[in-house]
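Please read all numbers here as calculations on a predicted model, not as lab measurements. Convention: sequence-line order gives letters A, B, ...; per-chain numbering from 1.
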Protein chains: 2
Amino acid sequence: MNISPANLFALLSHDTRLRSVMLLMAVDELCVCEFTAVFGAAQPHVSRHLGQLREAGLLRDRRGGQWIYYRLNPELPSWARDILDAVESGMRDQRPFVDDRAFIADSMDRRACGE
Amino acid sequence: MNISPANLFALLSHDTRLRSVMLLMAVDELCVCEFTAVFGAAQPHVSRHLGQLREAGLLRDRRGGQWIYYRLNPELPSWARDILDAVESGMRDQRPFVDDRAFIADSMDRRACGE
DNA sequence: TCGATATATTCCGAAAAGTGAATATATCTC
DNA sequence: GAGATATATTCACTTTTCGGAATATATCGA
């Protein structure tokens, strides 16, 4: 991954992208339709921003059937990882991040119950 | 200060602004002409970007004679301070930040010697 | 193969950000 | 007060980013 610090911040400067990254700090892997459900946003909107994060090397994607799952790139340079960790710990208790995680946790529960 | 996380990242997404903030993590206070000297940039360019950081509440300014000194706002919310600390520690050894600090240290020395 | 679902991409117009040049304002020095 | 220095702002322009709508692509299940 060849990304500059200023570039990383540009990626994090949009709410959709920031919330996506924050979610993936907590949940390991999510498919696009889950992002759209959490954000209440249109699918092309979410897909575009996830695409930008992927192109920059911040996220990796993987196809599983008709779904495409996104996760954090495990090979981020350490300085980028450090910053993301600080972002996560510094804003863990703020909205909308708490709500986003709660939403996902809830839908995971439902999935586990077979609903 | 009423700044959102995404807003903070937008401020840090421009090299001039990022380098300015990084310098002020190390040096406490600098006037505009020192920034222009370090960056080798035009004065209006630097002034504009420092102005954005000030308007957003990230920096404070103070007039001292014909100079205007900028410093980090000491009343940043803790989450913002945490992120800045991580940025600083994560990129301390990278260019151009090392060089920027070296430049400033050098000119401080010269000032101390009365040159 | 056909229809349904999930995702990505393209097109286009609007809004925002960035830049260089010129100019305005404030302060200092003489 | 006049000129010099430091800083901020405005103007005109270019570039980038963003959003919505439409469309393309891929997979699944019957």
Practice task
Show your reasoning for whether salt bridge (Lys or Arg N to Asp or Glu O under 4.0 Å) applies to A:D15 and A:R19.
Solution key: CA-CA 6 Å; A:D15 269 311; A:R19 290 168 72 182; over 6 Å; no

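- For the pair A:S13 (side chain) and A:A10 (backbone), a donor-acceptor distance under 3.5 Å is present.
- In this structure, the side chain of A:E55 does not engage the main chain of A:Q52 through any donor-acceptor pair within 3.5 Å.
- Against DNA chain D, the stretch residues 6-24 of chain A makes heavy-atom approaches under 4.0 Å through A:H14, A:R17.
- The side chain of B:V32 lies closest to D:dT7 when the candidates are D:dT7, D:dC18, C:dT7.
- Close to C:dA6, at under 4.0 Å from its OP1 or OP2, lies no side-chain N or O of A:Y70.
- Contact annotation for B:Y69: no contact, since no heavy-atom pair falls under 4.0 Å across all strands.
- Atom CG of B:L30 is separated from atom P of D:dT7 by 11 Å (rounded to the nearest Å).
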Could you run down the sub-3.5 Å N/O contacts of the protein with nucleotides 20-28 of chain D?
| from | atom 1 | to | atom 2 | distance (Å) |
| --- | --- | --- | --- | --- |
| D:dG20 | O6 | A:R48 | NH1 | 2.9 |

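- In this structure a side-chain-to-backbone donor-acceptor pair under 3.5 Å is missing from A:R101 to A:M22.
- One hydrophobic cluster, built from ILVMFWY side chains closer than 4.5 Å, cannot hold both B:Y69 and B:V21; they sit in different ones.
- Rounded to a whole Å, the CZ atom of A:R62 is 12 Å from the P atom of C:dT7.
- Here the straight-line distance linking atom CG of A:L30 with atom CH2 of A:W67 works out to 14.0 Å at 0.5 Å rounding.
- Taking only side-chain nitrogens and oxygens, B:H49 comes nearer than 4.0 Å to OP1 or OP2 of C:dT19.
- No donor-acceptor distance shorter than 3.5 angstrom exists from the side chain of A:R81 to the backbone of A:L76, with no hydrogens or angles considered.
- Relative ring orientation between B:H14 and B:H45 is described as tilted, the plane-to-plane angle lying within the 30° to 60° band.
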